[in-house]
J.: 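Structure in structure tokens, see below.
Computed from heavy atoms alone, side chains included, the values below leave out hydrogens, waters and symmetry copies. Chain identifiers are assigned alphabetically (A, B, ...) following the order of the sequence lines, protein sequences preceding nucleic acid strands; residue numbering begins at 1 within each chain. Note that the coordinates shown come from a computational prediction; the quantities given were computed from them, not determined experimentally.
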Amino acid sequence: MTIANVIVDVPASSINQTFDYTIPERFRDILQPGMRVIVPFGPRKVMGYVVSLADESSFDKLKELADVLDLTPILTPELLDLGKWLAEETLSLYITAYQAMLPQVLKANYKKELERLRQDSLSSELEAFFAGRDFVPYEELDNGHVRFSKVQKAIQDGDITVHYLVKSRVTKKYVTYLEPAREPHLLEEALQDMSDRAKKQQQLLTFFIEQPQEIKLKTVMKKFNTTRATINTLISKGLLRSFRQEVYRNPYAQTQFDRTEPLELTSEQHEAIKPVLHRIRDHAHEVFLLHGVTGSGKTEIYLQTIQEVIDRGEEAIVLVPEISLTPQMVNRFKARFGSNVAVLHSGLSQGEKYDEWRRVQQNEVQVVVGARSAVFAPFENLGIIIIDEEHETSYKQEDQPRYHARDVAIHRGDYHHCPVVLGSATPALESYARAHKGVYNLQTLSKRTNDKAMPDVHVVDMREELHAGNRTMFSRHLKESMEQRISRGEQVVLLLNRRGYSTFVMCRECGHVRECPHCDIALTFHKHSNQLRCHYCSYEEPVPMYCPMCSSDLIRFFGTGTQRIEEALTQLMPEVRLLRMDVDTTQRKGAHEKLLNQFANQEADILLGTQMIAKGLDFENVTLVGVLTADSMLNLPDFRASEKTFQLLTQVSGRAGRHDLPGEVIVQTYTPDHYSIELASRYDYWQFYQQEMKMRKRFQYPPYMFLSLVTISHENHVTAIQTAQQIAKQLWKYVRQDTVILGPTPSPIARVKDRYRYQCMIKYKHEPELRALINKIIRQFADDMRKRDLQISVDMQPYQLM
DNA sequence: AGCACGCCGACT
DNA sequence: GTCGGCGTGCTC
């Protein structure tokens, strides 16, 4: 094989194809598909992935590839295929798909530098620029001390040249070791000759004479309470030697895990696990939907199926939503499988993520627990893929490639002939419908393992509170119940369903709301920096003292953020110890864990937070869960609003009274009769499913129809509309009779970063050629996209309709 | 994307 | 003449 087919790291649709390069002799034996290479691309050099090798090319002026970055492939043949499939499925670029499958640090870092080629006769301007150096980073041109044209001229004249560098971001961690550099008897001699004043050196030498093995430098420094200086002296005398050894960063090094043994399964669990184990043993692909109420022991089923996979020498992937990747969750896996587990989540540093990924790649672990992107873990003998809380929307990636981890998991499960288990107490409607139709194998766990009843749910009608003259955020029932529980030494969790709320700033005089100058959205107030901030473009400005419209000083903060609740609660119940958990208080690394620990140690009576407290937390002493605004999501223009409300209420109810103390849930709402709230309060998933399916059918939404969303954006309002109209027209022309094109309509946020956004929604039952059609239509606008900065993006099966 | 090339008006 | 701005085409 003399030719490499390479996908280059240039994210442009005109480059979305393989480029061929001849393989220099020295790389012929080692180069394999799945390795990263550096290739010349036009005048510069870029990184690329070798997707295949060949003996000939249809292109006749081939260049040689410049370098090979990996010793072994970082993408397996399966992942190479998967990336291709993913790109085509989501209408993304191949390069974007491959990048999404790998840790950030494996991405290339591009640098340019200037080299002076002659030591004489540079103009004084350039001489000053180089300042005695032969190589200068290109960015120094921006300092403005040298004119760009001068440099350009010098490049043309051959006095200077530009180097295009492709650097790796990989940082490896090393530990330094010390060992004696000479035979013990020679050290002995040196010790005799040593000055009496060099006490520390003597101690060190004595130590190494007695113990001539290698030892960590850090340990030595600690043991003898000394510094590098002393040791360096001994090294420079040639008595000791230091060397560095690469180590993996281990984010869980400090934590002790008590090993747990498999638990006895209930008969229900037993029934549910049996068919999964069969599939593992038969090496057969099947998708299971494990529908189990909170506390029914889904995790134990995961653990025991994984054990079977491990025993067979195969590997397992467990996906968990980002927000429930808490230490509690991780511990359960580490406790069962010890160091055989790698964990991948966003809380790790880039280096830590890379190290965990490498433990997978080098077959050092058999289990990965991680968020969405862990579905790409480079295992080669997958025995099972588990997706916990499969209904969670965070499994859908919201930027390119817009994939759903569930689809990827099923595709991989099919390839590896292994089962995929989707677990949830409140399955996504799509999943349950498939299970109901027999596409997925449905397994139900209806009982909690401890036989405890689910806590009672009280729905409080907040309209009545208002009529009764209670204008606070807390109903009388909630307030009384909180006081009662806290006086008994029990704990309370309060959930603010914040979606749909933000803390914006409004003038009470003229009603002016401060909006982002670049986006059509109100700015959000951030207390700690006292700034207004745009969540879409990161624009920031200080909070105005006076209204910019009418100069009034009656500026007020609106909305119902956790901060405001905290203040209101402190006024209402001044004695209470309160912990607030939201984006603001959990930004710092480890803050999340610290807050939870504080609560677990009963250093607070109330934990107040957003969605992130609804998942997986398990506190013995919590007996009351209050949902402050259950219907805040229901009014959003989202056909999944009811589903999300039902899911959230069910999840959060599972947080109360999981142990000996009986629990209670209080749900505050302005729409107590809404079926999602009413049925969630009765834990009736089946009724909810049927009711919601009726709605979806009536309004022609998934799972009855598929959706695809095309978004068009341009800085010129008219161009955006017109293009959107043309696209809609084209779509109408070619789609089937029963397919509907909605729009163009302005996106819910009509302008972001000074670009106007319009969208067309495609609703269809069966459109096998839709991807090809959309591609064809987009290609017609290729010219405008490049020359006039028109952007068209496509989301197949969108979750967020904006 | 990011670079070079080529055309054009403007200016030391 | 030469500088720098922008539109256009190409990248194995």
J.: Hey, are Lys84(A) and Glu89(A) close enough for a salt bridge, meaning a charged N less than 4.0 Å from a carboxylate O?
T.: no

J.: Flag the pair Tyr21(A) / Phe59(A) as yes when their ring centroid distance falls below 6.0 Å, and as no otherwise.
T.: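 Ring centres of Phe59(A) and Tyr21(A) not closer than 6.0 Å.
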
J.: Would you list the protein and nucleotides 10-12 of chain C atom pairs, both N or O, that sit under 3.5 Å from each other?
T.:
| from | atom 1 | to | atom 2 | distance (Å) |
| --- | --- | --- | --- | --- |
| dC10(C) | N4 | Arg786(A) | NH1 | 3.4 |
| dT11(C) | O3' | Gly42(A) | N | 3.0 |
| dC12(C) | OP1 | Tyr21(A) | OH | 3.3 |
| dC12(C) | OP1 | Pro40(A) | O | 2.8 |
| dC12(C) | OP2 | Lys63(A) | NZ | 2.5 |
| dC12(C) | O3' | Asp20(A) | O | 2.6 |
| dC12(C) | O3' | Lys63(A) | N | 2.8 |
| dC12(C) | O2 | Asp20(A) | N | 2.9 |

J.: Using the side-chain contact (heavy atoms from CB on, under 4.5 Å) definition, which of the options Ile74(A), Val50(A), Val6(A) pairs with Arg36(A)?
T.: Ile74(A)

J.: Report all interatomic pairs (protein N or O, nucleotide N or O of nucleotides 7-12 of chain B) with separations under 3.5 Å.
T.:
none

J.: Could you tell me if Lys111(A) sits above the aromatic ring of Tyr164(A), with its cationic atom closer than 6.0 Å to the ring centre and no more than 45 degrees from the axis?
T.: no

J.: Can you sort out the partners of Asp20(A) under side-chain hydrogen bond (donor to acceptor under 3.5 Å, both in side chains), two or more places apart, ordered by chain and number?
T.: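 Asn5(A), Ser57(A).
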
J.: Give Lys45(A) one of three labels, base, sugar-phosphate or nothing, depending on what nucleic acid heavy atoms sit under 4.0 Å from its own.
T.: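 Nothing, no nucleic acid heavy atom in range.
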
J.: Can you pull every protein N or O that's under 3.5 Å from an N or O on nucleotides 1-6 of chain C?
T.:
| from | atom 1 | to | atom 2 | distance (Å) |
| --- | --- | --- | --- | --- |
| dG4(C) | OP2 | Ser149(A) | OG | 2.6 |

J.: If you take the centroid of each ring, where Trp contributes its six-membered ring, are His404(A) and Tyr799(A) closer together than 6.0 Å?
T.: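 They qualify: ring centres under 6.0 Å apart.
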
J.: Once you round it to whole Å, what is the distance between P of dG2(B) and CG of Asn109(A)?
T.: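 For the pair Asn109(A) CG and dG2(B) P, the rounded distance is 13 Å.
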
J.: What pairs meet the ring pair (Phe, Tyr, Trp, His ring centres under 6.0 Å) rule with one or both residues in residues 73-99 of chain A, with sequence neighbours excluded?
T.: Tyr49(A)-Tyr98(A), Trp85(A)-His411(A)

J.: Just checking, any donor-acceptor pair under 3.5 angstrom between side chains of Asp399(A) and Gln397(A)?
T.: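 A pair is found: one side chain offers a donor N or O, the other an acceptor, under 3.5 Å apart.
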
J.: Roughly, in whole Å, what's the span from CE in Met785(A) to C1' in dT8(C)?
T.: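 To the nearest whole Å, that distance equals 18 Å.
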
J.: Taking only residues two or more places apart in sequence, or in another chain, which ones meet Asp783(A) in a side-chain hydrogen bond (donor to acceptor under 3.5 Å, both in side chains)?
T.: Lys787(A)

J.: Does the pair Glu115(A)/Arg133(A) count as a salt bridge with the N-to-O cut at 4.0 Å?
T.: no

J.: Any side-chain N or O of Tyr164(A) less than 4.0 Å from the OP1 or OP2 oxygen of dA4(B)?
T.: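 The answer is yes; a side-chain N or O of Tyr164(A) sits under 4.0 Å from OP1 or OP2.
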
J.: Take the protein atom CD1 of Ile155(A) and the nucleotide atom P of dC3(B), then report the distance between them rounded to whole Å.
T.: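 Distance check: Ile155(A) CD1 to dC3(B) P gives 11 Å.
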
J.: Without decimals, in angstroms, what is the distance between Ile7(A) CD1 and dA1(B) P?
T.: 17 Å

J.: Could you go through Ser708(A) and Gln797(A), starting from their C-alpha distance and side-chain angles, then the distance that decides it, and tell me whether this counts as side chain to side chain donor-acceptor pair (under 3.5 Å)?
T.: CA-CA 5 Å; Ser708(A) 294; Gln797(A) 290 125 51; 5.6 Å; no

